[in-house]
2 protein chains.
Amino acid sequence: MNDVKLTSTLAFRLGTLGAVVTERFSARLAGHGLKPKHIGLLTVLESGTATSQLDIAKLMNVAPSLVVSLADRLEELGAIQRERDLSDRRRQTLTLTEEGRELLATCTAAAAELDSELTDGLDPEETEALRSVLRTLARRNGLPAD
Amino acid sequence: MNDVKLTSTLAFRLGTLGAVVTERFSARLAGHGLKPKHIGLLTVLESGTATSQLDIAKLMNVAPSLVVSLADRLEELGAIQRERDLSDRRRQTLTLTEEGRELLATCTAAAAELDSELTDGLDPEETEALRSVLRTLARRNGLPAD
DNA sequence: TATTGTTATACTCTATAACTATA
DNA sequence: TATAGTTATAGAGTATAACAATA
């Protein structure tokens, strides 16, 4: 007889906690008319790992057509700049503007606030252990490693 | 100057890892024609915290109409039984069948397998620390605590 | 012909609103 | 009149497919 509970697996806990946290993060973004994927795109540009829309789509694991609409919105807000690549005029090169960096900083502050709420009451060692292991898991699963 | 990266916040890491893990779990469920929410409903029934469809909807934070379609599918598979509450014939009482328990056990095994993949290569202490702190976070955020 | 970006369309998931039956 | 469940409808989010410009 196996009495391991599905709800106590890491998979279940990461999935459900991830959904709760993403939901709360979204709520804080709502004022800007942005969704998590918009911010994901900004973080890609900040990291410098991709600049053309197609490369960004591959990196984010989303359809190229989605990058079009995310970029449309971010350009409209003045957070990014879209420029034709002069050496290959099919490509659009996206770059963060100063306003985009400020927006990203605002979102980072919101995320940091969420972190505080999440870890409030945890032992400092627990919090640090969590940060450490999540960094490892991120790296090993193709997510931004920093 | 603040150089904290959004991508290294707990909020970002939990959100993205949660999405990756949920996606992988979904892939393993696909063969049964089920999605994570179906399994979520099964875990509610197993826990005994709710039996009427409305109570289940509240507990899962989803619309009552969604519970109808989730239950339709699970009933079709023989995983749950739907019975009118005799003392209040408006209510449908959902119960896990033996087949439902077996299905849940299969899904639990799939999740445990995912856990192994995730933690393969981690120190045992790291893995245990992760389990421990995720349990705490789950409890503090209204998720199944066990 | 192949590739990048765009537009048009469709699909999945889920909520809201209208409805039925019980209370 | 209020509540549990159901059905009908609509919206958000995203993918796929068709298309245009460039290579």
Side-chain angles (χ1 to χ4, degrees), chain A residues 15-16 18-20 22-27 29-41 44-45 49-76 80-95, chain B residues 15-16 18-20 22-27 29-41 44-45 49-76 80-95:
Chain A
T16 51
V20 164
T22 298
E23 168 57 37
R24 279 195 219 154
F25 187 58
S26 295
L29 258 45
H32 303 274
L34 294 173
K35 287 163 267 176
K37 290 253 153 85
H38 291 108
I39 312 306
L41 175 34
V44 168
L45 296 184
T49 41
T51 53
S52 85
Q53 295 188 184
L54 201 58
D55 288 346
I56 291 167
K58 284 174 191 156
L59 200 62
M60 293 180 69
N61 263 304
V62 299
S65 59
L66 180 57
V67 175
V68 173
S69 56
L70 295 174
D72 282 350
R73 176 74 185 123
L74 291 168
E75 194 181 26
E76 185 177 285
I80 65 169
Q81 210 174 2
R82 237 185 191 137
E83 288 168 313
R84 283 285 161 192
D85 181 329
L86 296 180
S87 67
D88 181 347
R89 296 183 39 74
R90 290 172 305 183
R91 289 181 174 253
Q92 299 264 41
T93 296
L94 307 188
T95 50
Chain B
T16 50
V20 165
T22 298
E23 167 57 38
R24 278 195 221 153
F25 186 58
S26 296
L29 259 44
H32 302 274
L34 294 174
K35 285 163 272 179
K37 290 252 153 85
H38 291 109
I39 312 308
L41 175 34
V44 169
L45 296 183
T49 42
T51 53
S52 85
Q53 293 187 187
L54 202 57
D55 288 347
I56 291 167
K58 285 173 191 156
L59 201 62
M60 293 180 69
N61 263 304
V62 299
S65 59
L66 180 56
V67 175
V68 174
S69 58
L70 295 174
D72 282 351
R73 176 73 185 125
L74 291 168
E75 193 180 27
E76 186 177 284
I80 65 170
Q81 209 174 2
R82 236 186 192 136
E83 287 168 314
R84 282 286 161 190
D85 182 330
L86 296 180
S87 66
D88 181 348
R89 296 183 39 72
R90 290 172 304 182
R91 288 181 175 257
Q92 299 264 41
T93 296
L94 308 188
T95 51

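Order of the sequence lines sets the chain letters (A, B, ...), proteins ahead of strands, with each chain counted from 1. This is a predicted model, so every value here is computed, not measured.
The side-chain heavy atoms of A:Asp55 and A:Arg91, taken from C-beta on, include a pair separated by under 4.5 Å. In this structure, the side chains of B:Met60 and B:Ile56 come closer than 4.5 Å at one or more pairs of heavy atoms.
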Start with the C-alpha distance between B:Thr95 and B:Thr51, add both sets of side-chain angles, then the distance that settles side chain to side chain contact (heavy atoms under 4.5 Å, CB included), and finish with yes or no. CA-CA 7 Å; B:Thr95 51; B:Thr51 53; 5.7 Å; no
Go through the steps to decide whether A:Gln92 and A:Asp85 satisfy the test side chain to side chain contact (heavy atoms under 4.5 Å, CB included), and finish with yes or no. CA-CA 6 Å; A:Gln92 299 264 41; A:Asp85 181 329; over 6 Å; no
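Protein atom CG of A:Leu34 is 16 Å distant from nucleotide atom P of D:dA12, rounded to whole Å. Taking atom CD1 of B:Ile56 as the reference point, atom P of D:dA4 lies 13 Å away to the nearest angstrom. Rounded to whole Å, the distance from CZ on A:Arg91 to C1' on D:dA21 is 15 Å. Note: NZ (A:Lys35) to P (D:dG13) measures 4 Å, nearest angstrom. The CD-P distance, from B:Glu23 to D:dT14, rounds to 13 Å in whole Å.
Heavy-atom nearest nucleotides on DNA chain D were determined for A:Arg84 and for A:Asn61, and the one closer to the 5' end corresponds to A:Asn61. Each of A:Asp85 and B:Asp55 has a nearest nucleotide on DNA chain D; the 5'-most of these lies closest to B:Asp55.
Within the 4.0 Å cut-off from OP1 or OP2 of D:dG13, not a single side-chain nitrogen or oxygen of A:Arg73 is found. Checking the phosphate oxygens (OP1, OP2) of D:dT22, a side-chain nitrogen or oxygen of A:Arg89 falls inside 4.0 Å.
Residues B:Leu59 and B:Ala50 approach most closely at CD2-CB, 4.1 Å, considering heavy atoms.
Within the 3.5 Å criterion, the main-chain N or O of A:Ala19 finds no donor-acceptor partner in the side chain of A:Thr22. Looking at A:His38, its side chain does come within 3.5 Å of a backbone N or O of A:Lys35 through a donor-acceptor pair.
Put simply, the residue from A:Leu74, A:Ile80, A:Leu34 that forms a side-chain contact (heavy atoms from CB on, under 4.5 Å) with A:Leu41 is A:Leu74.
Heavy-atom distances under 4.0 Å link DNA chain D to A:Val62, A:Ala63, A:Ser65, A:Leu66 of residues 62-72 of chain A, given in residue order.
Counting 5' to 3', DNA chain C first comes under 4.0 angstrom of a heavy atom of chain B and last does so at the ends given by C:dC13 to C:dA23.
A donor-acceptor contact under 3.5 angstrom links the side chains of A:Gln53 and A:Arg82, judged on distance only.
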